[in-house]
2 protein chains.
Amino acid sequence: MAISSSEVSAPQSRPRGESKVNSVDRALVILEYLGTQTKEVGVRELGQAIGLSKSSVHRILQTLRARGFVKWNPDNARYSLGMKAFEVGCGILRSMEAHAVAKPYLEQLVATLGETAFLGVLDDAELVFIDKIDGRRSVRLYADIGSRRPLHSTGIGKALLAHLDRSEIDRIIAARPLTAYTKNTITDPDALRAELEKIRRQGYAEDNEEMEDGLYCVGAPLFNYSGRPVAAISVSVPKMGQQPVQKDRLIKAVVQAAQEISAKLGYSGRPKAASLG
Amino acid sequence: MAISSSEVSAPQSRPRGESKVNSVDRALVILEYLGTQTKEVGVRELGQAIGLSKSSVHRILQTLRARGFVKWNPDNARYSLGMKAFEVGCGILRSMEAHAVAKPYLEQLVATLGETAFLGVLDDAELVFIDKIDGRRSVRLYADIGSRRPLHSTGIGKALLAHLDRSEIDRIIAARPLTAYTKNTITDPDALRAELEKIRRQGYAEDNEEMEDGLYCVGAPLFNYSGRPVAAISVSVPKMGQQPVQKDRLIKAVVQAAQEISAKLGYSGRPKAASLG
DNA sequence: GAGGTTGTTCCTGGCAGCGAAACGCTCGCT
DNA sequence: AGCGAGCGTTTCGCTGCCAGGAACAACCTC
């Protein structure tokens with residue numbers, strides 16, 4: 001019956017270890033929103049898009065502008081993302097060894113295969129494209145650097161997912177529903193687990209029109225010195241019209257490139273990866 | 001010594017239209033710092049690098065982490081830039097028409113010339129590299145996407161600077177000293193103005209080892225529908241060893257690519273905006 | 001030139017966030 | 001092993017910053 005003092009000592013339900021700065025959070029929401037917009041936005045529009053008062057938005061925008069994270073167009077008094085945001089964001093590439101190492105191999109893949117190559121990393125149960133080199137086709141794939149994709153429906157995603165710890169795989173699969181994007185998308189968790197097992201055996205992942213109709217894709221993981229899958233590469237080829245590259249040639253090229261990159265990253269080939277051939 | 005309450009009501013002379021949010025500003029400084037670092041940093045190190053107390057830094061880092069702008073390594077409890085920062089920063093490319101339009105032309109330039117091509121835009125009296133496609137040389141240029149360069153010592157920079165309004169040119173030249181990077185760097189404002197006049201006549205800018213010894217570079221501006229120089233492209237070639245590409249062929253290719261890109265951006269080739277200074 | 005719309009400024013109560021200090025953990029030194 | 005320095009994290013009270021409404025200004029529309 002007696003109320004202990006410990007209960008009283010938390011008047012605002014301090015979530016114990018989750019202190020955050022409100023204004024900073026708001027600023028990040030603004031940055032995030034501006035990152036998704038392709039056009040400049042006004043203060044009012046921005047405010048009601050993210051649920052903040054005009055004045056708050058305005059003051060935060062001034063702060064972002066002073067640091068160059070936001071650009072102000074004096075002609076229409078609208079705001080957009082500033083180059084500083086780009087500059088800072090690209091800074092992550094410098095600390096990512098896989099990016100620099102993989103680049104020449106991606107170029108090599110595009111040169112020999114003529115199809116579009118990607119480099120992606122895992123982030124928060126999703127895949128983020130780090131680099132992309134377009135193939136020699138007239139139609140260009142709609143997948144920008146910096147954009148996100150689910151793990152279960154992409155070649156890079158499945159290649160990354162397959163080589164995580166079991167517990168991580170379970171957590172990620174449980175975290176979000178396996179959304180269907182095409183009729184081929186794997187939506188059953190057990191089927192996905194079986195697919196991942198196959199991917200581990202093969203050493204590469206196939207995306208057979210699972211993310212987008214008419215798009216076939218081969219992905220292979222990159223391991224660093226510690227044996228962790230730090231990134232993955234893929235080559236995508238549209239199925240429309242003639243299919244100039246045979247699957248096995250594609251697979252062989254991607255897997256070999258991935259192995260060579262992994263070697264340069266210090267991967268010594270731990271026993272887990274079965275021989276591929 | 002008694003302080004009346006009326007005096008307290010105006011504690012700081014409000015700088016009239018320059019309101020900013022302190023915590024947001026600090027968060028941006030942290031992001032900026034993390035963007036320059038190639039390794040993970042600790043709270044203390046970060047705090048004394050930017051002059052803040054540990055607890056403030058820690059709280060802001062938690063906020064940044066919750067939004068994915070910062071990544072936390074549980075092994076060493078250190079922080080680094082998160083993929084969200086990359087994602088948001090890349091969002092700027094989507095709203096930049098020049099980027100998408102120029103890409104194929106850059107690839108074409110690299111394919112025919114074999115040298116490294118760049119795309120850059122003006123930002124705050126500096127140049128920021130937006131895109132880069134490496135040439136077929138074994139040595140790769142040290143110039144990352146997202147990095148900054150001065151305007152007066154680079155091909156892209158001079159090409160951009162030359163086509164601004166007179167008043168803008170004067171402002172930018174006056175804004176910062178013309179730092180010398182090599183013995184060829186133009187450090188005299190009047191010499192620079194003459195060089196810019198020459199660039200306007202020619203339609204392209206040359207960087208003859210002005211930023212880096214042994215590096216020759218040709219830049220040409222891209223105009224959009226309104227006739228403003230929204231970006232510029234360049235091709236760099238090292239002078240060491242044999243010089244496989246003749247200058248005039250290089251220049252011709254760059255200029256032609258720039259003109260075609262400008263045309264696609266809606267530039268009608270109007271005689272140039274005179275009379276504004 | 002009047003009315004509507006949008007961006008900016010002013011003002012004050014309320015509370016969020018800053019910094020100092022304390023806590024516990026992990027290393028490295030002895 | 002023992003101990004203490006160094007680090008990341010948490011706590012706590014005081015300071016000063018933000019939210020919100022409303023008036024003001026500039027711009028466009030009609």
Side-chain angles (χ1 to χ4, degrees), chain A residues 4-30 33-34 37 39-66 70-80, chain B residues 3-30 33-34 37 39-67 70-80:
Chain A
S4 72
S5 62
S6 64
E7 289 179 33
V8 182
S9 68
Q12 293 187 353
S13 73
R14 197 74 67 90
R16 188 99 189 161
E18 280 186 27
S19 57
K20 76 181 162 90
V21 185
N22 251 325
S23 354
V24 172
D25 199 59
R26 285 183 246 259
L28 297 181
V29 172
I30 289 178
Y33 182 82
L34 288 178
Q37 295 309 103
K39 253 185 56 57
E40 307 165 308
V41 296
V43 176
R44 181 197 191 79
E45 181 186 349
L46 188 51
Q48 56 192 29
I50 62 181
L52 278 179
S53 70
K54 287 178 300 179
S55 49
S56 304
V57 171
H58 176 253
R59 204 173 289 110
I60 291 175
L61 280 174
Q62 292 306 319
T63 313
L64 291 169
R65 187 164 77 95
V70 150
K71 198 178 62 187
W72 185 67
N73 187 341
D75 297 334
N76 54 13
R78 294 252 159 81
Y79 296 84
S80 60
Chain B
I3 299 172
S4 73
S5 62
S6 64
E7 288 178 34
V8 182
S9 66
Q12 298 175 351
S13 62
R14 200 73 66 93
R16 188 109 189 150
E18 281 184 29
S19 54
K20 80 182 160 103
V21 186
N22 236 321
S23 354
V24 172
D25 199 59
R26 289 167 196 200
L28 297 182
V29 172
I30 290 179
Y33 182 82
L34 288 178
Q37 294 308 103
K39 253 187 57 61
E40 308 164 308
V41 296
V43 174
R44 181 192 188 83
E45 180 186 349
L46 188 50
Q48 58 193 27
I50 62 182
L52 280 179
S53 70
K54 283 182 302 177
S55 54
S56 301
V57 171
H58 178 253
R59 246 191 320 268
I60 292 174
L61 281 174
Q62 293 304 320
T63 312
L64 292 170
R65 186 164 77 97
R67 290 275 171 201
V70 150
K71 198 177 63 187
W72 184 67
N73 188 341
D75 296 334
N76 53 12
R78 294 252 160 80
Y79 296 83
S80 61

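Excluded from the calculations below are hydrogen atoms, water molecules and symmetry mates; all remaining heavy atoms, backbone and side chain alike, are included. A, B, ... follow the sequence lines: proteins, then strands. Residue 1 opens every chain.
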Taking five pairs at each end of the helix from C:dG1-D:dC30 to C:dT30-D:dA1, what angle separates the two helix axes (nearest 10°)? 50°
Quick one: is C:dG7 close enough that its OP1 or OP2 comes under 4.0 Å of any side-chain N or O from A:W72? no
Is a donor from one side chain sitting under 3.5 angstrom from an acceptor on the other, for B:R59 and B:Q62? no
Determine the minimum heavy-atom distance between B:V43 and B:K54, stating which atoms define it. CG1-O, 3.5 Å
Where B:D25 and A:T63 come nearest, the two heavy atoms and their spacing: N-CG2, 3.6 Å
Nearest whole Å is fine: how far is C:dT6 P from A:E40 CD? 16 Å
Tell me the closest heavy-atom pair linking B:S23 and A:V21, and the distance in Å. CB-CG1, 3.6 Å
Nearest-nucleotide check on DNA chain C, A:A77 vs B:D75; residue mapping nearer the 5' end is A:A77
Rounding to an integer number of Å, can you tell me how far A:E45 CD sits from C:dT8 C1'? 18 Å
Which atom of A:L34 lies closest to which atom of A:Y79, heavy atoms considered: CD2-O, 4.1 Å
Between CZ of A:R44 and P of C:dG4 the distance, given in whole Å, is 14 Å
Whole-Å gap separating C1' (C:dT6) and CG (A:N76): 12 Å
Shortest non-hydrogen separation from B:G47 to B:V57 and the atoms involved: CA-CG2, 3.7 Å
Any side-chain N or O of A:H58 below 4.0 angstrom from OP1/OP2 of C:dT8? yes
May I have the distance from A:D25 (atom CG) to D:dC17 (atom C1'), rounded to whole angstrom? 17 Å
For B:V29 and B:L52, run side-chain contact (heavy atoms from CB on, under 4.5 Å): C-alpha distance rounded to whole Å, both residues' side-chain angles, the deciding distance at 0.1 Å, then the answer. CA-CA 10 Å; B:V29 172; B:L52 280 179; over 6 Å; no
Rounded distance in Å - OH (B:Y79) to C1' (D:dC7): 12 Å
Length of the line joining B:N73:CG and D:dG8:C1', which is rounded to integer Å: 14 Å
Contacts of B:R26 meeting salt bridge (Lys or Arg N to Asp or Glu O under 4.0 Å) (sequence neighbours excluded), chain-then-number -> none
Rounded to the nearest Å, what distance is computed from the CG atom of residue A:L46 to the P atom of nucleotide C:dT6? 14 Å
Please tabulate the protein-to-nucleotide N/O contacts below 3.5 Å involving nucleotides 17-26 of chain C, giving atom names and distances.
{"unit_1": "C:dG17", "atom_1": "OP1", "unit_2": "A:N22", "atom_2": "N", "d": "2.3"}
{"unit_1": "C:dG17", "atom_1": "OP2", "unit_2": "A:K20", "atom_2": "O", "d": "3.4"}
{"unit_1": "C:dC18", "atom_1": "OP1", "unit_2": "B:S23", "atom_2": "OG", "d": "3.4"}
{"unit_1": "C:dG19", "atom_1": "OP2", "unit_2": "B:S53", "atom_2": "OG", "d": "3.3"}
{"unit_1": "C:dG19", "atom_1": "OP2", "unit_2": "B:S56", "atom_2": "OG", "d": "2.4"}
{"unit_1": "C:dG19", "atom_1": "N7", "unit_2": "B:S55", "atom_2": "OG", "d": "2.8"}
{"unit_1": "C:dA20", "atom_1": "N6", "unit_2": "B:S55", "atom_2": "OG", "d": "3.3"}

For B:D75 and B:N73, work out which heavy atoms get closest and say how close. N-OD1, 2.9 Å
